Amino acid sequence: MNKILNETTSNRESNIFNCDIASDIAVDEKYQRKSVPNIPDLTEGTVLRHFTALSRKNYALSSTFYPLGSCTMKYNPIINEKIAKFDSFASVHPYQSEDTIQGSLEIMYELEKDLCEVSGMDAFTLQPAAGAHGEHTGLLIISQYFKSKKEKRTKIIVPDSAHGTNPASAMLSGFEVVSLKSEADGTLSPEKLKEILTPEVAGIMMTNPNTLGVFEKHIPEIAEIMHANGSLLYYDGANLNAVMGIARPGDMGFDVMHINLHKTFSTPHGGGGPGAGPVGVKSFLKDFLPVPTVIKEDDKFKLNFGNKKLSVGQMKAFFGNFPVLLKACIYIKSLGGKGLTDASVQANINANYILNLLKNKVSIPAGNVCTHEFVLSTKGHLGEGVRTLDVAKRLLDYGYYAPTIYFPLIVEEAMMIEPTETESKQTLDEFADVLSKIIDESKSNPEVIKNAPSKTSVGRLNEVEAARNPKLRW
Ligand SMILES: *Cc1c(COP(=O)(O)O)cnc(C)c1O
């Protein structure tokens, strides 16, 4: 026993207590510091508490309900994160040879097939990094298609209810934007479309269900009109969470579309990404897709560089945001077709449930039935001088993330609510209850609402001042 102790002690002394750290450093003396660095002198525990406190000032799905309309902030299964961290995925290098990354290539191959099945399209590129990047890619495909046919088509029709990225992507892709005025519920009228249709129109961008949460009523007719004009139909698939397993853009007559994997297929987003916006096309546009794509030959997965003359080229380095693709693939495989359909049905039920709890408190311009989200207007329902912005700020005092406000632009004093399928009835009840209370409070105590939030770490910010004179340094 004594011997062991002695040995242990002497080992310890020689290894730890007797070690002269300075003389053991291999860094050449001329590179060593001459003075103590000017960093805060804090204990590790204090630093830990500081960063934990900071993280709690943030809003996150893991801490609160996040009904941010248009963004589909659903619960992202934690197990997907765990799988994405497996060494066999996380340690792979994109320059490895194909034989050593067969599993990763198979994931991409499978994901492409699954997206085709859900959407009714014939092929996908997984490269784009977000919805807007997908729009740009899809529009370049449309542009390249007409170039190959030697047709000069310079215009893209975009409804006035569209997400701002639609006209921006059309401009960025070299097109001129023609605005199409939508009906009161945000839907499109074939008659109004005909009035603005000319031979220069390359295509129309449609969001379905539209940004007011209404399923477009005239898609077959619109598809017929556009195709008869030689023009194409682009489907903004950001709202795919409403229709999985129920309806497919490819069956409706759309030629090109994007899917926001970070919305519908449950990969964490917000704060700028990462995301993924795969673009799907009908078979006649396959050759225009970005390269490389993943193909299967003799039971081996390979990269295919396709038709270099027709392809729009590479839209993102290597394979796109692979971890996002991986998590989306796991999500699809774990839910299966039935699970995906259930998710969409439940998303629609949850949104309709909140709509019904609130419909007597506010106006619902698109009517009392919605898909996975709805837009309300507070106009005429709030106390003197109180606006939707104030209601959103007051929701922060109650610990909620505020819904999207003032979008779409066609609804005055808009608030857009999207609960998603992953929230419980209790959460929906509590949220509707708080929102109703705030609307009542706006009449009984308008000043409290106008000065909200008062319980958050910072109060109401001067947004105009912040935009005009941003203070970027402390
Ligand atoms: C979110 C969204 C987009 C843009 O997608 P990002 O991934 O944020 O670039 C486009 N259209 C609609 C309708 C959206 O909701």
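Both counts, for ligands and for their atoms, begin at 1 and track the order of listing. Just so we're clear, the structure is a prediction, and the values are computed from it rather than from any experiment.
Under a 4.0 Å heavy-atom criterion, His262 is in contact with ligand 1.
Among Met416, His258, Glu135, the residue whose heavy atom sits closest to atom 10 (C) of ligand 1 is Glu135.
Phe284 and Tyr145 have perpendicular rings, their planes meeting at more than 60° on a 0 to 90° scale where under 30° would count as parallel.
Between Asp236 and ligand 1, a contact under 3.5 Å exists for at least one N or O pair. Considering both main-chain and side-chain atoms, Ala132 comes within under 3.5 Å of ligand 1 through a nitrogen or oxygen pair.
Proximity of His269 to ligand 1, defined as any heavy-atom pair under 4.0 Å, is not found for any part of the residue. At a 4.0 Å heavy-atom cut-off, ligand 1 touches Ala238 through the side chain alone.
Between Lys309 and Asp287 there is no salt bridge, since no side-chain N of the basic residue sits under 4.0 Å from a carboxylate O of the acidic one. Salt-bridge annotation for Asp397 and Arg394: present, with a side-chain N of the basic residue lying under 4.0 Å from a carboxylate O of the acidic one.
Listed by chain and residue number, nothing satisfies the salt bridge (Lys or Arg N to Asp or Glu O under 4.0 Å) test with Lys308 (two or more places apart in sequence, or in another chain).
Contacts classified as salt bridge (Lys or Arg N to Asp or Glu O under 4.0 Å) and involving residues 108-117 (residues at least two apart or in different chains) are given here: Glu110-Lys333, Asp114-Lys333.
Of the protein's heavy atoms, Lys263 NZ, 2.9 Å lies nearest to atom 14 (C) of ligand 1.
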